[in-house]
Structure formats: C-alpha cells, structure tokens
Q: 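Have a look at this one.
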Amino acid sequence: MAFVEPVTLQGHDVRLEPLALAHEAGLAAAAADGELWKLRITSVPEPQDTRAYIETALTMREAGSRFAFAVLDDATGRVLGSTSYHDILPAVRRVEIGYTWYAQSVQRTHVNTAAKLLMMGHAFDTLACHVVGWRTDNYNFASQRAIERLGARKDGVIRGHALRRDGTIRDTVMYSMRAGEWPEARAQLLYLLERHALA
C-alpha cells in the first residue's frame with residue numbers, strides 16, 4: 001500500500017483530483033493562460049508537452065515519490081493548474097508540497113489558499129504526517145511569499161541545488177511546518193478563505 005493513496009480533495013470551491021491523462025487538454029489550456037512555461041523559475045510544461053508532463057507524474061506516482069493532482073474549479077470543472085505531494089518519506093511521515101502552478105487568471109485568488117488547506121489537512125489529519133515541507137527557487141519571490149502566507153517557516157537555503165529550465169543553477173529555499181503548528185495555520189487559512197467569501 002502506498003503512503004499516499006488516490007484521493008479527491010474538495011472544498012472552498014476547488015477540487016483536487018488525481019492527475020490523469022484525461023486532464024491533458026485542460027492542463028494545456030491552463031499553462032497557455034499567461035504563457036507560464038516562459039517563466040525561467042517554474043517547471044510549467046509548454047502546451048504541446050502536457051502529455052509528457054502527466055506521464056512523468058504518473059511514473060513518479062508508481063515509484064511512490066510524487067502524487068500529482070489536477071486543481072479544478074469545483075463548479076465548472078475547468079482545470080486551473082496542478083500541485084503535488086513529492087519527496088514522500090513514509091518512514092519519517094513527511095511529504096513536501098510543490099510542482100504547483102496555476103493559470104495566470106486565477107493567480108492571487110483564493111485558489112492556492114484553498115488547495116493548500118486541503119492538502120495540508122490531508123497530510124496532517126489523514127496521513128498523520130509529522131512535517132510538511134516546501135521548496136522554491138531563490139528568485140521565485142511570489143512563491144516564497146505564498147508559502148510564508150501558509151504559516152510555513154523558512155528552514156534555510158541549499159546553494160547550487162538544482163538546474164533551472166534555462167540551464168542555470170538555482171539555490172533552493174526550504175520551508176516546513178510541523179504537526180503542532182498545523183492547528184494555528186489551519187485557523188488562519190480558514191479565516192482568509194472566509195474573508196474571500198465575504199468579499
């Protein structure tokens with residue numbers, strides 16, 4: 001049995017479904033919304049590479065190292081982007097959340113907060129994780145702000161850690177949240193989502 005079993009997470013107007021080839025067209029459209037693959041600090045696929053992107057994610061799921069979701073608008077079924085559990089370490093009950101990207105038209109909306117609330121809740125409350133982690137490019141300041149907004153703490157920077165799509169070498173900023181910090185983080189995220197609903 002895999003540590004992360006197939007599951008659909010739903011709430012706050014979003015739905016996270018296990019990523020599948022059926023999401024190919026929707027995911028390609030989401031990537032095209034803002035030409036996200038042109039950003040050197042992300043791993044968003046070009047629309048014609050979406051199938052290979054999904055196939056890679058499915059191979060990683062079989063290996064137990066990554067579990068990717070398609071993020072959908074719950075009312076319309078429109079694919080908004082993708083996010084994943086990755087670097088899954090069952091022995092120490094740790095997962096990281098990453099490979100996250102959304103269509104430009106839904107960035108800086110409630111979508112990321114809602115998706116992360118669902119994923120963090122599943123990780124801490126269902127999988128009984130001790131730690132949830134995040135990592136991002138040292139130049140991806142928007143991602144760093146979004147991670148910090150979730151209540152994660154900065155662990156440090158791994159220098160010369162990974163290649164970017166343009167061949168340059170990035171430093172990686174690491175964040176984490178421990179299980180004991182989750183209740184307060186959950187309360188804050190619910191507060192933010194309630195404010196969004198009232199706006």
Side-chain angles (χ1 to χ4, degrees), residues 1-23 27 42-43 53-74 79-102 110-136 140 143-156 158 161-162 172-194:
M1 178 182 291
F3 183 60
V4 181
E5 290 289 326
V7 64
T8 295
L9 306 175
Q10 191 170 2
H12 307 285
D13 302 320
V14 301
R15 184 170 73 252
L16 277 61
E17 297 178 351
L19 186 64
L21 290 173
H23 297 115
L27 206 63
T42 71
S43 58
Y53 179 89
I54 295 171
E55 289 172 342
T56 297
L58 294 176
T59 299
M60 295 174 78
R61 180 190 302 174
E62 285 296 314
S65 62
R66 176 181 172 198
F67 191 98
F69 293 94
V71 181
L72 287 77
D73 180 293
D74 197 30
V79 177
L80 306 176
S82 183
T83 188
S84 299
Y85 292 125
H86 66 95
D87 284 75
I88 298 166
L89 301 173
V92 294
R93 305 200 80 80
R94 175 189 169 100
V95 299
E96 293 188 30
I97 296 175
Y99 293 88
T100 301
W101 57 272
Y102 303 105
H110 74 290
V111 170
N112 185 57
T113 302
K116 292 305 187 298
L117 177 67
L118 293 169
M119 293 182 76
M120 292 161 69
H122 185 69
F124 285 121
D125 301 334
T126 302
L127 303 178
C129 286
H130 298 307
V131 177
V132 172
W134 294 262
R135 62 180 70 188
T136 190
N140 195 340
S143 177
Q144 291 171 44
R145 285 192 301 272
I147 293 167
E148 290 167 5
R149 189 168 173 261
L150 298 173
R153 298 187 184 184
K154 185 175 177 180
D155 295 321
I158 304 175
H161 183 242
T172 298
V173 186
M174 301 293 295
Y175 292 87
S176 66
M177 180 183 295
R178 298 186 69 91
E181 298 162 346
W182 166 234
E184 176 61 22
R186 175 174 51 202
Q188 176 64 10
L189 294 175
L190 287 169
Y191 167 73
L192 292 174
L193 287 167
E194 286 166 9

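Residue numbers start at 1 and run along the sequence shown. Predicted model, so just to flag it, every value in this text is computed and none were measured.
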Q: Check the pair L118, Q10 against side chain to side chain contact (heavy atoms under 4.5 Å, CB included), reporting the backbone distance first and the verdict last.
A: CA-CA 7 Å; L118 293 169; Q10 191 170 2; 5.7 Å; no

Q: Within the 4.5 Å heavy-atom criterion, are E96 and M174 side-chain neighbours or not?
A: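 Yes. Closest side-chain heavy atoms under 4.5 Å.
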
Q: Could you tell me whether a side-chain N or O of R93 sits under 3.5 Å from a main-chain N or O of L127, the two making a donor and an acceptor?
A: yes

Q: Quick check: does any side chain N or O of R61 sit under 3.5 Å from a backbone N or O of L19, one acting as donor and the other as acceptor?
A: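 Yes; judged by distance alone, with no hydrogens or angles, the pair exists.
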
Q: Do T113 and H12 come within less than 4.5 Å of each other through their side chains, counting heavy atoms only?
A: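 No, too far: nothing below the 4.5 Å cut-off.
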
Q: Have T172 and R135 got a donor and an acceptor in their side chains that come within less than 3.5 Å?
A: no

Q: Kindly give the heavy-atom pair with the smallest separation between A152 and M177, and that separation in Å.
A: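 That would be N-CE, 3.8 Å.
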
Q: What is the distance from atom CZ of R149 to atom CG of L189, rounded to the nearest 0.5 Å?
A: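 Spacing of CZ (R149) from CG (L189) equals 8.0 Å.
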
Q: Distance check, rounded to the nearest 0.5 Å: E181 atom CD versus L150 atom CG?
A: 12.5 Å

Q: With side chain to side chain contact (heavy atoms under 4.5 Å, CB included) as the test, pick out the partner of T83 among V111, N112, V71.
A: V71

Q: Looking at CD1 of I147 and CG of N140, how far apart are the two atoms once the value is rounded to the nearest 0.5 Å?
A: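 Reported value, rounded in 0.5 Å steps: 8.0 Å.
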
Q: Looking only at heavy atoms, which two atoms of A115 and V14 are closest? And how far apart?
A: N-CG2, 4.2 Å

Q: Over 60° means perpendicular and under 30° means parallel, so tell me whether F124 and W182 are parallel, tilted or perpendicular.
A: parallel

Q: Report the distance from atom CZ of F69 to atom CG of L9, rounding to the nearest 0.5 Å.
A: 4.5 Å

Q: Assess the residue pair W134 and D155 against the criterion (side chain to side chain contact (heavy atoms under 4.5 Å, CB included)); give the C-alpha distance rounded to whole Å, side-chain angles, the decisive distance to 0.1 Å, and a yes or no.
A: CA-CA 10 Å; W134 294 262; D155 295 321; over 6 Å; no

Q: Does the side chain of F67 come within less than 4.5 Å of E5's, by heavy atoms?
A: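 No, too far: nothing below the 4.5 Å cut-off.
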
Q: Just checking, is any N or O donor in the side chain of R66 or T56 under 3.5 Å from an acceptor N or O on the other one?
A: no

Q: Does the side chain to side chain contact (heavy atoms under 4.5 Å, CB included) test come out yes or no for H110 and L192, once each step is laid out?
A: CA-CA 8 Å; H110 74 290; L192 292 174; over 6 Å; no

Q: Determine whether Y85 and I97 make a side-chain contact, defined as any pair of heavy atoms from C-beta on separated by less than 4.5 Å.
A: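 The answer is yes; the side chains approach within 4.5 Å.
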
Q: How close do L27 and G81 get, counting heavy atoms only, and between which atoms?
A: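 Answer, listing the atom of L27 first, then G81: CD1-O, 3.6 Å.
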
Q: Count the heavy atoms of every other residue, nucleotide or ligand shown that sit under 6.0 Å from CD of E148, and state whether that count exceeds 12.
A: yes

Q: Please examine the side chains of V92 and V131, heavy atoms only from C-beta on, and report whether any two atoms are closer than 4.5 Å.
A: no

Q: Taking all atoms of both residues into account, what is the closest heavy-atom pair of A114 and G11, and its distance?
A: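 Taking every non-hydrogen atom into account, CB-O, 4.4 Å.
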
Q: Check for a donor-acceptor pair, side chain of T100 on one end and backbone N or O of G98 on the other, with a separation under 3.5 Å.
A: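 Such a contact is found between T100 side chain and G98 backbone.
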
Q: To the nearest 0.5 Å, tell me how far H23 NE2 sits from S82 OG.
A: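 Rounded to the nearest 0.5 Å, the NE2-OG separation comes to 9.5 Å.
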
Q: Going through the checks in order, is the side chain to side chain contact (heavy atoms under 4.5 Å, CB included) test met by F3 and C129?
A: CA-CA 10 Å; F3 183 60; C129 286; 4.0 Å; yes

Q: With respect to R15, which candidate in D73, D74, T8 satisfies the side chain to side chain donor-acceptor pair (under 3.5 Å) definition?
A: D74

Q: Donor-acceptor pair, H122 side chain versus M119 backbone, under 3.5 Å?
A: no

Q: Measuring from Q144:CD to K154:NZ, what's the distance to the nearest 0.5 Å?
A: 6.0 Å

Q: Testing the basics here: between L72 and L80, what is the closest heavy-atom pair and its distance to 0.1 Å?
A: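 Looks like C-CD1, 3.9 Å.
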
Q: Give a yes or no on whether the backbone of L89 and the side-chain of R94 come within a donor-acceptor separation of less than 3.5 Å.
A: no

